[in-house]
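Here's the structure, in structure tokens; my notes come after.
For the numbers below, each heavy atom of this structure counts, side chains included, while hydrogens, waters and symmetry mates do not. All chains are named by letter (A, B, ...) in the order of the sequence lines, taking the proteins before the strands, and each is independently numbered beginning at 1.
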Amino acid sequence: MARTVPAAVDLRCPLSNPLDPKNRNCLTARRRFFVLCNSPESPPRVSDRSSDPRRKNSSLSEQLKPLSTSTLSTPRTAEAHALKSKPKSTWVNPARPKRSVLNPNRQARSQHSYNPRMRELRLFAQKLNEGEFSESSFLSVLEEIPHPPTRENALLILNSLKSWQKAHLFFNWVKTQNSFPMETIFYNVTMKSLRFGRQFQLIEELANEMIRDEIELDNITYSTIITCAKRCYLFDKAVEWFERMYKTGLMPDEVTYSAILDVYAKLGKVEEVLSLYERARASGWKPDPVAFSVLAKMFGEAGDYDGIRYVLEEMRALGVKPNVVVYNTLLEAMGKAGKPGLARSLFEEMVESGLSPNEKTLTALIKIYGKARWSRDALELWERMRFNGWPTDFILYNTLLSMCADLGLVEEAERLFEDMKQSENAQPDSWSYTAMLNIHGSDGNSDRAMELFEEMPQFGVELNVMGCTCLIQCLGKAGRVDDLVRVFDASVNRGVQPDDRLCGCLLSVASVCEDQDDFLKVLGCLNRANSKLVNFVKLLQDESVNFEKVTEEFKIVISETTVEARRPFCNCLIDICRNQNLHERAHELLYLGSVYGLYPGLHNKTADEWSLDVRSLSVGAAQTALEEWMRTLSRIVKREEVLPQLFSAQTGTGTHKFSQGLANAFASHVSKLAAPFRQSEERAGMFIAKREDLVLWVQSQDPPAVTA
DNA sequence: GTAGGGTTAG
């Protein structure tokens, strides 16, 4: 495949037209062929799945069993009978489409005729919408209905009621009036309203009532039930109602079908989705943009780039033009699959096709550029947005601010923040303030951060736990411990619930406190949030406590901490020990951290090189790890065991503009130990020592610089 | 939101 044009744009089909009957039933093969042909550099993830034996139990054939055995197949027809009696006859006419799994015609909506009493009824509905009623007062107001609740009048009002509670009450009231027999459309309109309120249970009750009263459930009913279940995360219910529909002999149309495709997609059942998709395609279905959006979202969630290409290819082959939603989903998917360049080309393709991006398009792109650290592209896009007057909203602005925080773009962030304040549709909210606190916190501008903190109540914006964490970190770094205590107390009093990240932040501030009073003040804050952690710190400081006790308490504290915060906690605890001159405790903690899997990949060995990767360690933990490593090497040298040529320690360079150099701290510790590690010129963030130098150094340590 | 499906933030 030619690589001169961006792949996102250049997606020529490796096979002929899939609508050609010859190709109708071989989409799986096409997809696999496509994957193999077009992605030599990445593993064919889509096709991998079907061969994965672990997935056998949840395969589509299992999934679709109730459908394929009972309803989807032509049950006990002459055809099936003939096949049974003539098993050797396997020839199938390829020009004959497979039996349908969906109805090619979408269910028609009823036309509503002009209602001469529209004006009064609308006014009445408005009155019902605006008032706050108890159930009984609502029902008494209903008695004032200006015209009798005929079918048309009732439908008009039901359609106008906004809250699900009122719609439900009105629906039940109409039933009690007995002025006409209830029809499907009344249930459908009520269900739609209930779906806004995510009232699946009530929807299911209505559906069962329809079955009981023999009122027909149509495609609109089923798709509403299924999508409500989906929005309530009741995926099994969604599948249950879908299967039920088939069992009653009703064929889904494409709306219901793509709704259920989305259910399987949200369940992560990729093979099932593709199989459903292909079966529908084989029976002649031309998927619309909604179906492709479902597929694109699914592949995006899986980070499956081959799948994304498959979607693009299918659309191109079928001549389906992507709309804005499809482009947005594809862009997001490209981002999740880690393809910023392709996302950029796809965006250009979208604009060239004459579509205008909306705020979701731009949010997706900014996120992608930020993640890729493409600040120039991001800022150019921002300029282009302003120039073209492309739509913005507060989520887009907040995404831009987060990107600025990630890339250290302080001035740009302030400009954006000012724009938000001037805007009508994107006033700063707690996310915006969090991003700003993060930016100035990282920049070390504690004055500006405090200014933002003070102005928040004036604008009616609540501080959230993340903003609080950023500010605490900033004040801690600036050594403003009294302000820190004030901010912490005010935040907790304002309703901020400290989480493990905030605790980790306080712990890290405590670990850099040089003044003992400050140290105790910070621990005082931490005590309000996590007293067990503070007790553990005190236990570490008690030299009479033995290793067994430390192990026991460590296990308790760490197991009660969220997984993401465990390593930071351990890092900070090690730092605190080192600051308090409790070096052996630091070594014990590093050992415990390793035992409990907090430092995976710390040591790496090949025949030629042993390396220590301290990139996820704090300064103190990295120093401790280096000392520990040197102790081990001393023992190996003494025992005259085989050593590799090269030793390396990886500190990383820190991609963040504001990140403190772990490398610098490591370098000074190496020089303090007089260990023969040198910063590598070819490999950034890497310290190298040769075997000969290291052995000489170990032998010169008498007594060893790093005590055993 | 005038009976049903798909897309935005640590």
Does a side-chain N or O from [X] land closer than 4.0 Å to OP1 or OP2 of [N], or not?
X	N	answer
A/K367	B/dA9	yes
A/K266	B/dG6	no
A/R195	B/dG5	yes

In whole angstrom, give the distance that lies between atom [atom1] of [X] and atom [atom2] of [N].
X	N	atom1	atom2	value
A/N358	B/dG6	CG	C1'	13 Å
A/L330	B/dG6	CG	C1'	11 Å
A/F196	B/dT2	CZ	P	8 Å
A/N153	B/dT2	CG	C1'	15 Å
A/L331	B/dA9	CG	P	14 Å
A/L261	B/dT7	CG	P	13 Å
A/N438	B/dA9	CG	P	18 Å
A/Q473	B/dG10	CD	P	18 Å

pair [X]-[Y]: side-chain heavy atoms closer than 4.5 Å:
X	Y	answer
A/M466	A/R501	yes
A/L330	A/M315	yes
A/Q427	A/M420	no

Reckon [X] touches a base, only the sugar-phosphate, or nothing at all at heavy-atom distances under 4.0 Å?
X	value
A/N115	nothing
A/V324	nothing
A/N219	base
A/A108	base
A/K230	sugar-phosphate
A/R231	sugar-phosphate
A/T190	nothing
A/N129	nothing
A/K162	base
A/T434	base
A/S160	nothing
A/F186	nothing
A/V325	base

Taking donor-acceptor contacts at under 3.5 Å, does the side chain of [X] reach the base of [N]?
X	N	result
A/R106	B/dG5	yes
A/D253	B/dG4	yes
A/T256	B/dG4	yes
A/N159	B/dT2	no
A/S258	B/dG5	yes
A/N398	B/dG10	no
A/R109	B/dT2	no
A/D406	B/dG10	no
A/T227	B/dG5	no

**Request:** State which residues pass salt bridge (charged side-chain N to carboxylate O under 4.0 Å, His left out) with A/R198; sequence neighbours excluded, sorted by chain then number.
**Result:**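 Salt bridge (charged side-chain N to carboxylate O under 4.0 Å, His left out) check on A/R198 returns nothing, list empty.
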Consider the side chain of [X], meaning its heavy atoms from C-beta on, and name the nucleotide among [options] that approaches it most closely.
X	options	result
A/K192	B/dG4, B/dG10, B/dG1	B/dG4
A/V189	B/dG4, B/dG10, B/dA3	B/dA3
A/Q107	B/dT2, B/dG4, B/dG6	B/dG4
A/W431	B/dG6, B/dG5, B/dA9	B/dA9
A/I185	B/dA3, B/dG4, B/dG6	B/dA3
A/S223	B/dG4, B/dA9, B/dG5	B/dG4
A/D429	B/dA9, B/dG6, B/dT7	B/dA9

**Request:** On the 0 to 90° scale, with breaks at 30° and 60°, tag the A/F242-A/Y246 ring pair as parallel, tilted or perpendicular.
**Result:** perpendicular
**B/dG10 to B/dG6 separation - C1' atoms, rounded to the nearest Å** = 25 Å
**Message:** Work out how far the P atom of B/dT7 is from that of B/dG1, and round it to whole angstrom.
**Reply:** 15 Å
**Asked** So which of A/T224, A/T221, A/N219 actually passes side chain to side chain donor-acceptor pair (under 3.5 Å) with A/N188?
**Response**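 In the set A/T224, A/T221, A/N219, the residue that makes a side chain to side chain donor-acceptor pair (under 3.5 Å) with A/N188 is A/T221.
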**Message:** Could you check whether A/H147 and A/E152, counting side-chain N and O atoms only, form a donor-acceptor pair closer than 3.5 Å?
**Reply:** no
**Request:** Could you list the residues that satisfy side-chain hydrogen bond (donor to acceptor under 3.5 Å, both in side chains) with A/K162, not counting sequence neighbours?
**Result:**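 side-chain hydrogen bond (donor to acceptor under 3.5 Å, both in side chains) check on A/K162 returns nothing, list empty.
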**Message:** Can you confirm if the aromatic rings of A/Y433 and A/F417 lie within a centre distance of less than 6.0 Å?
**Reply:**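 Close enough - the centres of the two rings lie under 6.0 Å apart.
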**Request:** Would you please determine if the base of B/dG6 is stacked by A/F292, with stacking meaning a centroid separation under 5.5 angstrom and planes under 30 degrees?
**Result:**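 Not stacked by the 5.5 Å and 30° rule.
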